[in-house]
Amino acid sequence: MDELEKLRQDKMNNLMSPKVKIDVSDANFDNEVLEQSKKVPVVVDFWAPWCMPCLMLAPIMEKLAKEYNGKFILAKLNVDENMYNSQRFGISGIPAVKMFKDGNVVDEFVGALPEPSVREWLDKNL
Amino acid sequence: MYDIAIIGAGPAGFTAAIYARRYRLKTLIIGEIYGGMISEAHKVCNFPTYDSIKGYELTQKMLQQVQNLGAEVVPEVVEDITKDKVFTVKTNNAKYQAKKVIIAIGSKKRKLNVPGETELLGKGVSYCATCDAAFFNGKTVAVIGGSNSALTAALLLAEYANKVYLIYRKDNFFRAEPAWVEQVNANDKIEILFNTNVLEILGKEKVESVKTTNGLIEVNGVFVEIGSTPDVRFVEKLGLEHRDGYIVVDKFQKTNVDGIYAAGDATDNVLKQVITACAEGAVAASTAYKEMNK
C-alpha cells in the first residue's frame with residue numbers, strides 16, 4: 001500500500017511540476033527550442049555519448065534545471081544523431097551550451113564548467 | 001567529521017579513496033569534474049590489466065569502485081581549506097571537517113596563449129580530441145604538441161580528417177613513447193612539422209588557418225595538446241612548499257604541512273601517468289592512516 005501511495009505521489013508531482021528538461025531532435029528542434037524560447041528561455045546542451053566532459057556536465061545542468069524550476073527549459077540534443085542542427089548552429093566543439101531567447105542564441109559556452117560557473121552564466125542571462 | 005577529505009576526483013584521488021575505505025576510514029572525495037585529465041584520452045595502453053582502454057572507461061571503473069567501497073563523492077568546488085585542530089574544507093555548497101587532507105587536484109591543460117585561441121574556442125579550437133574529432137570528418141586539422149597526448153590526438157583525428165598536421169616546436173618526439181611515434185610515422189594522413197611555432201590562429205566565424213614560423217597553413221581545426229600547468233590555488237592558501245607550482249612531497253607523500261598529503265600530477269613527481277598517480281594516492285592514504293593511529 002505504501003509503495004502504491006508513493007508511486008501515486010511521484011506521478012502527481014511529475015504532473016504538477018513544470019517540465020524542466022527535455023530531449024530534442026532534428027525533428028522537433030524548431031518547435032521545442034525556437035518556438036518555445038519565445039515564451040521561456042531554452043538552454044540547449046549539445047552533447048554526444050563519446051564525450052566525457054559532456055557526461056560530466058550533464059548532471060550539473062540537470063540539477064540546475066530542477067533548481068531553477070521552470071525559469072528555463074533544458075533541452076538536450078545528441079549531436080551524433082542530430083547532425084542537421086549541430087551544423088546549423090556551427091557546433092565543432094562539445095559540450096556546447098547555448099541559451100535561446102525569442103528564437104535566437106543570446107549567449108553560449110563551450111566545455112564542462114563547474115557548477116558555480118554555470119550558475120553565474122545562467123544568472124547573467126536569465 | 002570525515003577521517004580523510006580527498007580533493008580531486010582523478011586516478012590519484014580515487015586510489016587514495018580505495019585504500020582509505022579498505023582501512024575503513026570515513027572518506028570524502030570532492031571533485032569539480034569526475035575523472036581527471038586521463039578521462040579525455042582516446043586510448044590508454046600502459047595501464048596494467050588492459051591492452052587498450054578508453055580513458056573515460058578506466059576512470060568510470062575507478063569511480064564505480066570507490067562508490068562501491070562506500071566513499072562519498074561530491075561534485076563541488078573547493079573554495080578554502082583552513083587548519084585548526086582539524087581541517088575545514090569549504091566548498092561552493094557546504095563546509096566539511098576532516099582529520100586529514102589529501103590533495104590530488106592534478107593539473108590544468110596548458111594554453112598556447114596566441115591571438116585567436118580564446119576567440120575561436122568551440123569554433124575549431126579544441127582541447128579535447130576525443131570530444132571533437134568527429135566534427136572534422138573529411139577536413140584538415142592541426143595538432144599542436146609533441147607528447148603522448150598530442151600523438152594520440154593526431155592518430156585519432158586521422159581516423160576522421162583527410163589531413164592532420166602535427167606541429168611541434170622541437171626537432172624530434174623525444175618526450176613521446178616510441179610505440180606512438182611509430183604509428184604516427186606510419187600514418188599517411190599525418191604530416192609532421194618540427195621546429196615550428198604557432199603564432200596565431202586565424203578565422204572569422206570559424207578557424208581558417210594557423211600562422212606559424214614556417215608560414216600560413218589552411219586548417220579547419222586546431223587541437224592544442226601542449227602539456228599541463230599546475231593549479232596553484234592551494235599551494236598559496238596553505239603555504240605548501242612547491243617547485244614551479246608542483247607540490248613538494250617526500251616518499252610518504254607528505255607535504256611540509258602536518259596532516260596534508262599530496263598525490264598525482266599536482267606533485268613534483270618525475271612521471272605524470274595514471275599508474276604513478278594511483279601509486280601515490282595509495283601511499284598518501286596509507287601514510288594518513290598510519291599517522292591517524294599514532
Side-chain angles (χ1 to χ4, degrees), chain A residues 43-68 76-99 104-123, chain B residues 9-10 30-42 54-60 63 73-79 91-93 108-109 118-137 139 141 156 160 203-207 219-224:
Chain A
V43 173
V44 182
D45 177 1
F46 295 83
W47 73 287
W50 68 71
C51 157
M52 186 57 184
C54 299
L55 304 182
M56 297 189 288
L57 180 68
I60 295 172
M61 296 306 298
E62 282 168 33
K63 181 185 165 196
L64 292 173
K66 272 192 201 128
E67 188 187 311
Y68 281 64
K76 301 197 43 127
L77 185 87
N78 181 332
V79 297
D80 195 23
E81 293 165 358
N82 300 286
M83 288 305 283
Y84 172 70
N85 276 295
S86 313
Q87 283 170 5
R88 183 183 184 189
F89 292 99
I91 304 296
S92 66
I94 50 173
V97 177
K98 294 181 195 281
M99 182 172 300
N104 299 309
V105 178
V106 294
D107 202 4
E108 60 195 302
F109 68 84
V110 178
L113 297 181
E115 191 188 307
S117 310
V118 180
R119 199 182 281 278
E120 207 172 287
W121 181 81
L122 285 171
D123 292 341
Chain B
I30 305 167
E32 289 182 19
I33 296 281
Y34 298 163
M37 205 176 273
I38 196 64
S39 295
E40 292 176 12
H42 168 41
K54 285 183 179 152
Y56 90 90
E57 269 184 59
L58 185 64
T59 54
Q60 282 299 104
L63 173 63
V73 193
V74 294
E76 294 171 16
V77 179
V78 174
E79 288 171 351
T91 72
N92 60 298
N93 191 47
K108 299 180 289 188
K109 286 203 171 173
T118 311
E119 296 82 351
L120 292 163
L121 173 66
K123 298 180 171 71
V125 172
S126 172
Y127 300 91
C128 179
T130 50
C131 304
D132 302 334
F135 298 113
F136 295 89
N137 215 351
K139 299 196 171 163
V141 298
L156 173 66
Y160 296 91
K204 281 184 186 145
E205 296 290 304
K206 291 189 157 236
V207 168
V219 293
N220 307 108
V222 177
F223 288 78
V224 182

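The sequence lines fix the lettering, A, B, ..., with proteins before strands; numbering per chain opens at 1.
Contact count against chain B (heavy-atom pairs under 4.5 Å) is highest for A:Gly90 among A:Gly111, A:Ala96, A:Cys54, A:Gly90. Counting heavy-atom pairs closer than 4.5 Å to chain B, the top-ranked of the candidates A:Pro53, A:Pro95, A:Ala48 is A:Pro53.
When every heavy atom of A:Phe46 is checked against every heavy atom of A:Ile94, the shortest pair comes out as O-CG2, 3.5 Å.
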Can you pull out all donor-acceptor pairs below 3.5 Å that join chain A and chain B?
residue : atom : partner  : partner atom : Å
A:Trp50 : NE1  : B:Thr130 : O            : 3.2
A:Trp50 : NE1  : B:Cys131 : O            : 2.9
A:Ser92 : OG   : B:Gly122 : O            : 3.1
A:Ser92 : OG   : B:Gly124 : N            : 3.1
A:Ile94 : N    : B:Asp132 : OD1          : 2.8

**Report entry** Worked verdict on A:Val43 versus A:Leu122 for side chain to side chain contact (heavy atoms under 4.5 Å, CB included)
**Finding:** CA-CA 9 Å; A:Val43 173; A:Leu122 285 171; 4.2 Å; yes

Query raised in the report: Going through the distances and angles, do B:Ile30 and B:Val74 end up as a side chain to side chain contact (heavy atoms under 4.5 Å, CB included)?
Result: CA-CA 5 Å; B:Ile30 305 167; B:Val74 294; 3.9 Å; yes

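Note that CD1 of A:Ile60 and CG of A:Leu113 are 8.5 Å apart. Values are rounded to the nearest 0.5 Å.
The shortest distance between side-chain heavy atoms of A:Phe109 and A:Leu57 falls below 4.5 Å. No side-chain heavy atom of B:Pro75 sits less than 4.5 Å from a side-chain heavy atom of A:Pro59.
Using bins of under 30°, 30° to 60° and over 60° for the plane-to-plane angle, the ring pair B:Phe136/B:Phe223 lands in the perpendicular bin.
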